[in-house]
Amino acid sequence: MNLRLVVISTPIGFIGSGRGGGVELTLVSIIAGLLELGNEVTLVTSEGSILPSSCNRAQVITVSGTDQESWQHQDANAPMRIPLNAILPKLLDKALNIGKDYDAIINLSYDWLPLWVTPYVDTKIFHLISMGGVSNIMIDIINKLSKTNHNRLAFHTYSQASDYKLADKAIVLGNGFNMKNYNFQLGTKGPLGWAGRISPEKGLEDAAEVASSMGDKLLVWGFVEDKEYASKIEASVAPGTIQWRGFLSTKDFQKELGSCRAFINTPKWNEAFGNVVIEAMACGVPVIAYNRGGPGELVKPGFTGWLVPPDDIEKLKIAVSKVDQIDRTNCREWAIKTSSQKEFAGRILSWVVSGIADEKI
Ligand code: UDP
């Protein structure tokens, strides 16, 4: 079944800025995948957004304004705040205005307002929840929406969904990547790698300590959200351990990423998915991760990498020393099998189609 869909982007940063984190790539995958499956897509996003050619057939509507603050950097009891000239209500306003002529809206902004408004509007808004529960007001509104419109909510992993008290079994859709954008690399002698927003919840310090104490180099990619935090980590390890590689395009990122002998993922929070875990595997790089959040579901110990107890740096070191036991082709094959773009878009479509059908009964 082909649908006409509106997609709402993140209210933090523009697509391509890195400020939106993994949602940026997830959004591109959803749009490209939905188009590939023959759907019509209109994206409502921030001004300045850059989309790859795979999204060329999508109609794009842009708005400008003030970003939302990221929930993960606020107190758990922080109230919902909407700044003057905020981008969030503008995204919603545009989407609802055009949404009347569409089958559904797929919302990727992790914020209170689109969730709250959902039961009150005729247009069917579906929410792909991109974060675990870090804020009580967000947890509360998701729990409430689950009671009235459970089928409008979907999650990336079971660990992420477990942060919410849902009225029914969580709809879990994983994630998807265009595997053609990632080249398999066989080499096993390369450095260690780490990628993500440089921000405390991502736990770069643990990976840096592992590399430093093992006399290794750690290549680090990602948008620097917290400069002070980045400098503090650099100062705490042996000089030259961290090789800052910047925030690169997927094309350049995967080229460098694939040269690593292991990828370390050390989240300090309940990571919703962990795009970079699958991206590393797509390049053939085994992943050593904390058994916390999404990565705990994505890494198959002894097959695509190793999982260690959260915050256990000694166990991380042991796992790094065993990385040559992993066959890099397993990683690539596993990534293709579980997280390809087209299949992910298919899961998104089935979720929306059955959500619409349920409400017609
Ligand atoms: N990323 C990138 N270039 C880089 C480093 C990272 O495009 O140089 C992207 C990566 O592809 C991933 C995102 O940054 O999609 C990080 O997302 P992840 O899900 O790992 O964590 P989040 O930021 O959402 O917490």
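Throughout, numbering of the chain's residues begins at 1 and tracks the sequence. Just follow the structure's listing: the first ligand is 1, and inside any ligand the first atom is 1.
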- Decide whether Lys342 and Asn178 meet the rule of one side-chain donor and one side-chain acceptor closer than 3.5 Å. no

- Tyr164-Phe155 aromatic ring centre distance below 6.0 Å: yes

- Query: Do we get Arg4 above Tyr102's six-membered ring, with its NZ or CZ under 6.0 Å from the centre and within 45° of the axis?
  - Reply: yes

- Message: Does the plane of the ring in Trp116 sit parallel, tilted or perpendicular to the ring in Trp112? Use 30° and 60° as the thresholds.
- Response: parallel

- Query: Hey, is Lys268 close enough to Asp311 for a salt bridge, meaning N to O under 4.0 Å?
  - Reply: yes

- Query: Using a threshold of 4.0 angstrom between heavy atoms of the protein and any atom of ligand 1, which residues qualify?
  - Reply: Gly21, Gly22, Leu25, Arg197, Lys202, Trp221, Gly222, Gly246, Phe247, Leu248, Phe253, Trp269, Glu271, Gly274, Asn275, Val276, Glu279

- Message: Using the ring centroid of each side chain, check whether Trp351 and Phe126 are separated by less than 6.0 Å.
- Response: yes

